[in-house]
Amino acid sequence: MPRPSVAAAAGDSLDSVSWVSATVDDPEQTPGIFGPVAEGHDEHQGVRNQIQLSTYAHHIGNNLSDLHDFMERNLQGAVGGLHLLPFYPSSGDGGFAPITYKEVDPEKGTWADIDRLAKKYDVMVEFMVNHISPASEEFQDFLAKGPESEYWPMFIHWNKFWEGEPTLDDLERIRTRKPSSPVLTVDLKNGEQEKVWCTFSPQQIDINVSSEQGVAFIKDQMKALCSRGARLVRLDAFGYATKKRGTPCFFEEPEVWDVLSLAEGIAKQTDTRMLCEVHESYQTNIALAEKGYWVYDFALPLLILHAFTFHTAKNLRRWLTICPKRQITVLDTHDGMGIDDISGLAEVADVDELAHTVECTLGCDPNFKYIFNKETQKYESRPHQFNCTYFSAVGRAFPQHRERMYLMARVIQFFTPGIPMIYYIGLLAGENDLQAMRDSLGSSRGINRHRFSVEEAEAELERPVVKALLELCRFRNTHPAFNGEVHVNDKVADHLLEVTWQNGGHKATLYADLQNLCFHSEVTVADENGKLQLRRYEVGETANPPAPASAADMKASQRPIKEKKAFADA
């Protein structure tokens, strides 16, 4: 096995990508050899403990076939799992308004392409429990036949739900994602109108998951999807599927557990695992993980930016100690960096400090959730997610040292409990795409959804920072220590982060200095006789730490974020 390499050399340039290394004698290490990361580890429930790539089917090349060939040529050993964002026929929201789960959008590929990818990688697919497209066969039948349609109970009738209209108190409680009530008025073919529940866009009609027809639809569509070789199913927006009068109509108990139990029963028939996507306080994800479900670590992105900005590892250390172990860790996703996920950590990170971090570091627009103010009877916006590539976010704070800081963030992610996932933009250390944001008709999320041609993506692979990241991925995928136990040392200075993974004689320890913004690692390496040695790899110069950008530099290069108080309140 080649020498593990997880970051770039010290200094401001990454023209040369190699470790500053030295062997550390450790006579207590037991003999052993490197081997592939074992599948079926109890904590991982049979999910491969390797880096997952998250991407659209047509954002590296034109289709799934291009994506497959790109991965085969360039990502060998670096990626073990593949999260495919929606590849089904859809009427909007970047694929998240599915018409059916039984077909592949012909512009993106075929089921044969999915099967080919599933034979090599742990494929994760999307299932939107909460809604489907109005162009779906079921909703078209609803419009055509009205009350005579077999799917009439499958959708939530607004006036029936409220027994009239909701009160101002009702509207104030509801968790909303648009600047109006979550309702859509539709025209039936008989000339009448009907109001149906619609949490997101007009292209996403909510499903009544408590109806026989809703349950039958979920069973039929999800069973068909799971039979296609997916290893994981990501349940998108499932928290919005539970609705009760007098509540926020979000993650309502015990009904939410019934929805998850329904989906889990279907998934188990094909030995498929579920990943629960919910942007909420950290206690919610801990509760999900305690019941055996996979969850996201959406708190990590802003926690790391906070650590870089305020030179403290205290918040990170606390989170790494209490976070779920059965989680997918991320720094970047197609939606951006979650704010609700971090604001729940009030005792871990001061929310006002985080607001300052976002203002000074990101300088980009959020997408919003909305709260109804019954006094003004208007909907008021609250930041929900901040949209920015992670490479750009780090670069705004440390423009002369962005490569080093970016790799430092990834190393911290890879040492965090859970399985790391990298968004395709992050894998290529991509910059903000302002043109894509403008082309997305006012949605800030386009800034982080650049479409690469195969040639463009392969050119990005030649950048030293990307080469270093791929080497880090291969190290994380193959070192046996990451199949063992993790320990976070809390008896060090607040600006230091020390995380150790150990599996028998195999060991990997990360030492990160948030004051001097440098890090090194000590990992076991087998010699030619199979005996383990402890090798030290250093990144960064303690004597010459990268300095943060000045306030004047940041002010000159960024658009100010308004409504700081609104963020703090959120």
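Everything numeric here is computed off the predicted structure, so don't read it as measured data.
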A.B. asks: Look at E380 together with K378 and state whether they make a salt bridge at an N to O cut-off of under 4.0 Å.
C.D. replies: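 Result for this pair is no, no salt bridge flagged.
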A.B. asks: D141 vs K189, test: salt bridge (charged side-chain N to carboxylate O under 4.0 Å, His left out). Steps then yes/no.
C.D. replies: CA-CA 10 Å; D141 191 85; K189 293 296 175 65; over 6 Å; no
A.B. asks: Do R228's NZ or CZ and the ring of W111 fall within the cation-pi criteria of under 6.0 Å and 45°?
C.D. replies: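 Cation-pi check for R228 and W111: passes.
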A.B. asks: Establish, from distance only, whether the side-chain atoms of D297 and W319 form a donor-acceptor pair under 3.5 Å.
C.D. replies: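 Yes - a donor-acceptor pair under 3.5 Å links their side chains.
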A.B. asks: How about F142 and H157: are their ring centres within less than 6.0 Å of each other?
C.D. replies: yes
A.B. asks: Checking I218 against V209 for the side-chain contact (heavy atoms from CB on, under 4.5 Å) test, could you report, in this order, the C-alpha distance in whole Å, the side-chain angles of both residues, the deciding distance, and whether it holds?
C.D. replies: CA-CA 8 Å; I218 291 172; V209 297; 3.9 Å; yes
A.B. asks: Between D271 and R273, does any side-chain N to carboxylate O distance fall below 4.0 Å?
C.D. replies: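 Counted as a salt bridge, because a side-chain N and a carboxylate O are separated by less than 4.0 Å.
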A.B. asks: Is the number of heavy atoms from other residues, nucleotides or ligands under 6.0 Å of Q193 CD greater than 12?
C.D. replies: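 Enclosed.
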A.B. asks: Start with the C-alpha distance between E253 and W257, add both sets of side-chain angles, then the distance that settles side chain to side chain donor-acceptor pair (under 3.5 Å), and finish with yes or no.
C.D. replies: CA-CA 7 Å; E253 299 180 88; W257 304 112; 2.7 Å; yes
A.B. asks: State whether E165 and K195 are salt-bridged, where the test is any N-O pair (Lys NZ or Arg NE/NH1/NH2 against Asp/Glu carboxylate O) under 4.0 Å.
C.D. replies: yes
A.B. asks: For S201 and Q204, which I'm curious about, is there any donor-acceptor pair between the side chains at under 3.5 Å?
C.D. replies: yes
A.B. asks: Ring centroids only, cut at 6.0 angstrom: are F452 and H450 within range, meaning strictly under it?
C.D. replies: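 That pair passes the under 6.0 Å test.
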A.B. asks: Check the orientation of Y424 and Y56. Use parallel for under 30°, tilted for 30 to 60°, and perpendicular for over 60°.
C.D. replies: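 Correct class here is perpendicular.
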A.B. asks: Between R245 and D170, is there a salt bridge with N-O shorter than 4.0 Å?
C.D. replies: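 No, no charged N to carboxylate O under 4.0 Å.
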A.B. asks: Indicate whether any N or O donor in one side chain lies under 3.5 Å from an N or O acceptor in the other, for T389 and N448.
C.D. replies: no
A.B. asks: Evaluate R451 against E456 for salt bridge (charged side-chain N to carboxylate O under 4.0 Å, His left out), listing each step before the verdict.
C.D. replies: CA-CA 9 Å; R451 292 187 62 172; E456 184 184 6; over 6 Å; no
A.B. asks: Quick one: does any side-chain atom of K108 pair with a main-chain N or O of P89 as donor and acceptor, under 3.5 Å?
C.D. replies: no
A.B. asks: I want to know whether F127 and Y101 have ring centres closer than 6.0 Å.
C.D. replies: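 Distance test on ring centres: under 6.0 Å, yes.
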A.B. asks: Hey, is D220 close enough to K102 for a salt bridge, meaning N to O under 4.0 Å?
C.D. replies: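 The answer is yes: the pair qualifies as a salt bridge.
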A.B. asks: Are the side chain of N285 and the backbone N or O of Y282 linked by a donor-acceptor pair below 3.5 Å?
C.D. replies: no
A.B. asks: On the ring face of W197, is K243 found with NZ or CZ under 6.0 Å from the centre and within 45° of the axis?
C.D. replies: yes
A.B. asks: Does a side chain donor of either T167 or D169 reach within less than 3.5 Å of an acceptor in the other side chain?
C.D. replies: no
A.B. asks: Stepwise, does the salt bridge (charged side-chain N to carboxylate O under 4.0 Å, His left out) test hold for E150 with K145?
C.D. replies: CA-CA 9 Å; E150 62 179 301; K145 300 177 182 178; 5.8 Å; no
A.B. asks: Taking the ring of F250 and the ring of Y240, is the distance between their centroids below 6.0 Å?
C.D. replies: yes
A.B. asks: Check for me whether the distance between the ring centres of H131 and F139 falls short of 6.0 Å.
C.D. replies: no
A.B. asks: Can you name the one residue among F372, F368, Y370 that meets ring-ring contact (aromatic ring centres under 6.0 Å, His included) with Y379?
C.D. replies: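 Result for ring-ring contact (aromatic ring centres under 6.0 Å, His included) with Y379: F372.
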